[in-house]
Amino acid sequence: MAAMSVQEMSINGDQPPPEYIVKESSFGCIESSPPLADQIPIIDISLFSPSSLEYSEQAENHELQKLRTALSSAGCFQAIGHGISDSFLDKVREAAKQFFALPVEEKQKYSRALDGGSEGYGNDVIVSEKQVLDWSYRLTLRVFPQDQRRLHLWPQNPNDFGEMLHEYATKIKLMMGVVFKAMAKSLDLEEDSFAKQLFGDQSLLQARFNFYPPCSRSDLVLGVKPHTDRSGMTVLLQDKDVEGLQVLIDGKWVRVPIVPHALVLNLGDQMQIMSNGIYKSPMHRVVTNTEKMRLSVALFNEPDPETEIGPVEHLIDDETRPRLYKSVKNYGRINYECYQRGEIALETVKI
Ligand SMILES: O=C(O)CCC(=O)C(=O)O
Ligand SMILES: [Fe+2]
């Protein structure tokens, strides 16, 4: 008989099988309720656009300062003033919820296994026997460049899923453009210093819908194990009611609160490389809930695999801040290969 799915085990309230049980880790044990983060500020990104009503240079500088502090410590913040309406964000959550609620056979039509690539529906790719599995399901889809969409993996049900995803990703891309410029400004760089490599015409935008069924033993499993994102920048739409995301700050796990109207923005490894380590790609994980399911939608920006990225010249100083990272192409692949070998990708591109 085939192994039971997370969903079936979740419904039965079974004890999680051994392959899901998190052993002791160098990042500490699972506490469902560590303190709420007070290092993750709320930043009004409308203040980075001179066309906005509340814009003033003083307000912008104040917000840039907050941005710099947040990204050089926590590596993430809660973005408000992004201009995306609550009703639209609810629509995104609702479409994701409807998809994950479909019968298994229906979801299997979009299965990653059918396609052989990294896109589609499924749970962990099993690469080793020692691997601990995540208590979750995902649907991964590339949205940009538009001509790289694998439309046969895009859900037909709910029938406006594709339209929703296109619209949502278009809005998030605009937001990312604003933040890339602001990040450069916050470090006294030319506006396009990061965007040139990370956000060019051929840059990628990948969507990942995460679904975490409840687990009767949320003290033993993780929805997503500790990781850093391989992206340049990630924008995360959290569940409206159920917390779960935790970030490692100064060696301690803290809970990322649900802030109404906000999108969580965190940096990925490729921004840590380009900023020569000044800005951080935070280690994060997701815990499960004993009673409630949780949903999230992450959009990842990445350069196209042919674009070389490396620390921005102005952020290197032989005396005070020597170059920390090599220049690399296709960090996505490096990251995947390291994951298979159980290595930390960022460590392998250090000088
Ligand atoms: O579900 C979340 O809150 C975070 C998910 C995540 O870290 C990821 O998809 O990379
Ligand atoms: Fe992540």
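Everything numeric in this text was worked out from a predicted model, so none of it was measured.
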Around atom CG of D317, are there more than 12 heavy atoms of other residues, nucleotides or ligands at under 6.0 Å? yes
All pairs passing ring pair (Phe, Tyr, Trp, His ring centres under 6.0 Å) where residues 296-321 contributes a residue, at least two apart: none
Exam field: side chain S136 to backbone G223, donor-acceptor pair closer than 3.5 Å: yes
Looking only at non-hydrogen atoms, find the nearest pair between L267 and M183 and report the distance. CD2-SD, 3.7 Å
Under a 3.5 Å threshold, yes or no: a donor from one side chain and an acceptor from the other, between Y168 and E163? no
Between atom CD1 of I334 and atom NZ of K326, what is the distance when rounded to the nearest 0.5 Å? 8.5 Å
Check the pair D239, R93 against side chain to side chain contact (heavy atoms under 4.5 Å, CB included), reporting the backbone distance first and the verdict last. CA-CA 8 Å; D239 195 287; R93 292 187 184 100; 5.7 Å; no
By side chain to side chain donor-acceptor pair (under 3.5 Å) - contacts of H227 (at least two apart): D229, H284
Hey, does Q272 have a side-chain heavy atom less than 4.5 Å from the side chain of Y325? yes
Spacing of I80 atom CD1 and I42 atom CD1 [to the nearest 0.5 Å]: 6.0 Å
Identify, with sequence neighbours excluded, every residue that meets salt bridge (charged side-chain N to carboxylate O under 4.0 Å, His left out) alongside E337. R333
In sequence, state the C-alpha distance, the side-chain angles, and the governing distance for R217 and D219, and then conclude on salt bridge (Lys or Arg N to Asp or Glu O under 4.0 Å). CA-CA 5 Å; R217 293 300 307 269; D219 57 326; 2.8 Å; yes
Would a 4.5 Å heavy-atom cut-off, applied to side chains only, mark D90 and K240 as touching? yes
Taking the side chain from D192 and the backbone from A195, do they hold a donor-acceptor pair closer than 3.5 Å? no
For residues 152-160, dump all side-chain donor-acceptor pairs below 3.5 Å to protein atoms at least two apart in sequence or in another chain.
residue	atom	partner	partner atom	Å
H152	NE2	D115	OD1	2.8

Measure the shortest side-chain to side-chain distance between M233 and M271 over non-hydrogen atoms and say whether it is less than 4.5 angstrom. no
Tell me, do F161 and L141 make a side-chain contact under 4.5 Å, heavy atoms counted? yes
Residue pair K225, D134: steps toward the salt bridge (Lys or Arg N to Asp or Glu O under 4.0 Å) verdict: CA-CA 7 Å; K225 288 182 295 298; D134 290 339; 2.9 Å; yes
So, taking the atom named SG in C215 and the one named CG in L220, what distance separates them when rounded to the nearest 0.5 Å? 7.0 Å
Just by distance, with hydrogens left out, do S203 and D304 show a side-chain donor and acceptor under 3.5 Å apart? no
Hydrophobic cluster mates of V264, side-chain heavy atoms under 4.5 angstrom, ILVMFWY only, any path? I40, Y212, V224, L236, L245, V247, I249, V254, V256, V286
Chi angles and distances behind the side-chain hydrogen bond (donor to acceptor under 3.5 Å, both in side chains) call for T234, S231: CA-CA 7 Å; T234 305; S231 58; 2.8 Å; yes
Is there side-chain contact between R285 and W253, with at least one heavy-atom pair below 4.5 Å? yes
Look only at the side chain of K196 and the backbone of E191, and say whether a donor-acceptor pair between them is shorter than 3.5 Å. no
Donor-acceptor pair, distance only, cut-off 3.5 Å: does the side chain of R142 make one with the backbone of R149? no
Quick one: are V328 and E308 in side-chain contact, heavy atoms under 4.5 Å? no
Ignoring hydrogens and geometry, is there a side-chain-to-backbone donor-acceptor pair from S72 to R68 under 3.5 Å? yes
Between Y331 and Y336, is the gap from one ring center to the other below 6.0 Å? no
Using the test side chain to side chain contact (heavy atoms under 4.5 Å, CB included), find all partners of K109 that sit at least two apart in sequence or belong to another chain. E106
Scan side-chain atoms only and decide if S85 and S87 contain a donor-acceptor pair under the 3.5 Å cut-off. yes
Contact summary for A74 and Q39, nearest pair of heavy atoms: CB-O, 3.9 Å
Please report the shortest heavy-atom distance between I84 and H82, naming the atom on each side. N-ND1, 3.1 Å
Using side-chain heavy atoms (C-beta onward) and a distance below 4.5 Å, is I21 in contact with V132? no
Is the backbone N or O of L204 less than 3.5 Å from a side-chain atom of Q148, with the two atoms forming a donor-acceptor pair by type? no
Interatomic spacing from CH2 in W135 to CG in D124 - rounded to 0.5 Å: 12.5 Å
Can you name the side chain to side chain donor-acceptor pair (under 3.5 Å) partners of T348, sequence neighbours left out? none
R138 charged N/C atom sitting above F100 aromatic ring, 6.0 Å / 45°: no
Tell me, please, which residues at least two apart from E105 pass salt bridge (charged side-chain N to carboxylate O under 4.0 Å, His left out). none
Would you say I351 and I309 are hydrophobically clustered, going by side-chain heavy atoms of ILVMFWY under 4.5 Å? no
With a 3.5 Å cut-off and no angle check, do the side chains of R323 and S327 form a donor-acceptor pair? yes
Heavy-atom nearest pair, N301 first then L198, reads ND2-O, 2.8 Å
Are the side chain of S218 and the backbone N or O of P214 linked by a donor-acceptor pair below 3.5 Å? no
Tell me if the centroids of the rings in F209 and F99 come within less than 6.0 Å of each other. no
Please list all pairs meeting ring pair (Phe, Tyr, Trp, His ring centres under 6.0 Å) that have one or both residues in residues 174-194, counting only residues at least two apart or in different chains. F180-F199
Test question: given the 4.5 Å side-chain rule for I, L, V, M, F, W and Y, name all other residues clustered with V104, or answer none. none
Pair E94 + K91, salt bridge at N-O below 4.0 Å: no
Hits for salt bridge (charged side-chain N to carboxylate O under 4.0 Å, His left out) against K181, two or more places apart or cross-chain, chain-then-number order -> none
Closest heavy-atom contact between L64 and S186? O-CB, 3.9 Å
Between D241 and K292, does any NZ, NE, NH1 or NH2 come within less than 4.0 Å of an OD or OE carboxylate oxygen? no
Hey, does the side chain of R208 reach the backbone of S296 with a donor-acceptor pair shorter than 3.5 angstrom? no
So, does R112 use its side chain to make a donor-acceptor pair with the main chain of N123 at under 3.5 Å? yes
Taking all atoms of both residues into account, what is the closest heavy-atom pair of T307 and P303, and its distance? CB-CB, 4.3 Å
Sequence neighbours left out, what passes side chain to side chain donor-acceptor pair (under 3.5 Å) with K185? Give chain and number order. E60
Measure from the side-chain N and O atoms of T140 to the backbone N and O of E119, and report whether any donor-acceptor pair falls under 3.5 Å. no
Taking the side chain as every heavy atom from C-beta outward, state whether R321 and I316 have any pair of such atoms under 4.5 Å apart. no
Can you tell me if NZ on K66 sees more than 12 non-hydrogen neighbours from other groups inside 6.0 Å? yes
Single-linkage hydrophobic cluster, 4.5 Å side-chain cutoff, M176 and L71 together: yes
